[in-house]
Amino acid sequence: MELPVIDLAPYLEICSDELDSHIKSMCLEVSRTLRETGALLVKDPRCTAEDNDKFIDMMEKYFQQPEEFKRLQERPHLHYQVGVTPEGIEVPRSLVDEEMKEKLKAMPKEYQPSSPSGPDPKWRYMWRVGPRPKITCFKELNSEPVIPEGFPEWKCTMDSWGYKMISAVESVAEMAAIGFGLSKDAFTSLMQQGPHLLAPTGSDLRRYGKEGTVFAGYHYDLNFLTIHGRSRFPGLSIWLRNGLKMEVKVPVGCLLIQAGKQIEWLTAGECMAGMHEVVVTNRTTDAIKQALEQNCSLWRVSSTLFAHIASDAVLKPLGHFSDSSLASKYPPICAGEYVEQELAVINLKGNKGA
């Protein structure tokens with residue numbers, strides 16, 4: 001199975017709230033695909049392959065820096081929600097969630113995820129994108145950004161790519177809302193001033209390029225929607241709602257969007273958070289060989305952005321989803337409180353002050 005590619009251009013060209021049959025069918029396709037697969041490929045004319053390459057070039061340069069330099073941007077007292085998160089900090093949910101462990105044992109062998117031996121061997125950089133609320137109960141989730149020395153292009157590059165990807169997410173959020181039978185701004189109104197994070201990962205394929213190495217253990221994302229530009233090294237696999245495992249191939253010029261836990265909350269489970277992992281596969285090792293031949297960087301960079309619901313907004317099933325038989329599984333909770341609970345489980349909040 002291949003994920004469909006949704007071209008956002010026709011939707012972006014709409015000049016009124018009146019939607020023709022073609023646009024309505026596109027919106028239904030967006031909601032259906034998110035419901036059935038938890039993931040979606042989109043093409044957005046505002047986000048070009050050149051933009052993605054410029055961003056990855058800079059992040060490769062950063063992750064190649066010595067460890068002692070990168071640790072200057074580490075902020076454990078802020079739950080690693082800004083600045084760099086070193087390798088060995090993020091813990092895969094599948095290692096600490098007992099209920100998830102039991103579910104994994106019940107899965108057919110061929111669809112079971114790879115088993116990590118410990119925390120993820122990847123670095124990550126957290127960069128806030130967009131305006132922050134002036135008044136919030138969750139200041140640590142809305143902290144000032146960290147800029148490494150020696151990268152004069154850092155802020156411009158991060159903000160440019162980040163804002164473009166948020167724009168793509170907002171368009172998909174509107175289309176999904178329409179497809180789900182909600183008002184166009186049902187999701188985007190809750191995203192305003194959210195703690196959106198441009199959070200690229202860096203994995204050292206010189207050290208960890210052996211087939212089977214787990215860079216990101218089996219997990220879901222705690223935010224609303226996650227968007228990725230195309231990585232130069234494959235390795236991402238997702239699980240469809242029917243339990244099938246599928247390796248994702250992102251075409252050049254396209255973006256991958258994945259459903260997070262917050263959209264699951266807002267739709268009372270109609271759209272489930274998508275499970276996924278990043279593992280070195282034979283396709284990854286082929287790409288490593290090619291990179292070596294061409295003298296290219298062997299850092300696998302993912303240009304990931306986590307789009308969030310605003311920290312002080314309340315997560316609860318929206319509109320007709322509040323009448324769902326599953327609505328009671330998703331009681332009202334502040335988005336920021338929910339995020340803090342999730343961070344504690346995967347060891348980030350637990351490292352506060354360490």
Side-chain angles (χ1 to χ4, degrees), residues 2-3 5 38-44 47-64 84-85 87 90 92 113-114 120-127 157-158 160-162 164-165 168-169 197-219 221 225-239 245-258 260 274-307:
E2 295 287 333
L3 292 174
V5 177
L40 182 72
L41 290 170
V42 300
K43 190 165 187 170
D44 188 325
C47 303
T48 67
E50 291 74 22
D51 292 329
N52 191 40
D53 285 341
K54 180 180 178 181
F55 175 79
I56 290 181
D57 287 344
M58 185 184 76
M59 292 312 304
E60 284 178 348
K61 179 183 173 185
Y62 173 77
F63 285 124
Q64 287 165 189
V84 77
T85 305
E87 63 181 58
E90 291 189 23
S114 302
D120 293 337
K122 69 176 187 295
W123 292 73
R124 188 191 291 281
Y125 206 99
M126 298 288 208
W127 179 264
T157 303
M158 298 295 265
S160 175
W161 185 231
K164 287 179 178 183
M165 289 210 290
V169 169
L197 275 173
L198 181 55
T201 63
S203 305
D204 188 352
L205 294 172
R206 287 191 186 276
R207 294 178 61 198
Y208 303 111
K210 183 180 178 182
E211 187 170 343
T213 300
V214 181
F215 281 128
Y218 181 81
H219 68 287
D221 291 339
L225 290 174
T226 301
I227 184 168
H228 311 263
R230 186 174 185 269
S231 175
R232 290 170 177 167
F233 296 90
L236 174 67
S237 291
I238 65 172
W239 276 258
K245 181 181 180 180
M246 174 182 145
E247 188 172 1
V248 178
K249 299 175 183 177
V250 180
V252 174
C254 291
L255 303 161
L256 172 68
I257 289 181
Q258 293 175 280
M275 305 304 300
H276 50 284
E277 68 177 8
V278 179
V279 178
V280 176
T281 66
N282 59 349
R283 289 182 63 231
T284 317
T285 56
D286 288 344
I288 291 172
K289 291 174 186 174
Q290 186 175 4
L292 281 169
E293 291 170 0
Q294 298 175 355
N295 198 29
C296 295
S297 173
L298 286 182
W299 277 85
R300 182 191 186 277
V301 173
S302 74
S303 57
T304 302
L305 183 138
F306 299 118

Acceptor/donor pairs from residues 200-212 side chains to any protein atom, 3.5 angstrom cut, sequence neighbours excluded:
| unit_1 | atom_1 | unit_2 | atom_2 | d |
| --- | --- | --- | --- | --- |
| T201 | OG1 | S302 | OG | 2.7 |
| D204 | OD1 | R206 | N | 3.1 |
| R207 | NH1 | E87 | OE2 | 3.4 |
| Y208 | OH | E87 | OE2 | 2.7 |

Does atom NZ of K54 have more than 12 heavy-atom neighbours from other groups under 6.0 Å away? no

What residues form a side-chain hydrogen bond (donor to acceptor under 3.5 Å, both in side chains) with W127, not counting sequence neighbours? D159

With sequence neighbours excluded, tell me which residues meet side-chain hydrogen bond (donor to acceptor under 3.5 Å, both in side chains) with D51. T48, K164

Who are the ring-ring contact (aromatic ring centres under 6.0 Å, His included) partners of F306, not counting sequence neighbours? none

With R300, which residues qualify under side-chain hydrogen bond (donor to acceptor under 3.5 Å, both in side chains), at least two apart? none

Identify, with sequence neighbours excluded, every residue that meets side chain to side chain contact (heavy atoms under 4.5 Å, CB included) alongside R283. P234, E247, K249, T281

By side-chain hydrogen bond (donor to acceptor under 3.5 Å, both in side chains) - contacts of D286 (at least two apart): none

Using side chain to side chain contact (heavy atoms under 4.5 Å, CB included) as the criterion, list what pairs up with Q294, not counting sequence neighbours. Q290, C296

Could I get the full list of side chain to side chain contact (heavy atoms under 4.5 Å, CB included) partners for V279, not counting sequence neighbours? S114, V214, E277

Of F63, F233, Y62, W123, which meets side chain to side chain contact (heavy atoms under 4.5 Å, CB included) against V301? F63

Search all heavy atoms of V278 against all heavy atoms of L236 and return the closest pair with its distance. CG2-CD1, 3.9 Å

Qualifying residues under side chain to side chain contact (heavy atoms under 4.5 Å, CB included), relative to Q64, sequence neighbours excluded: E60, S297, W299

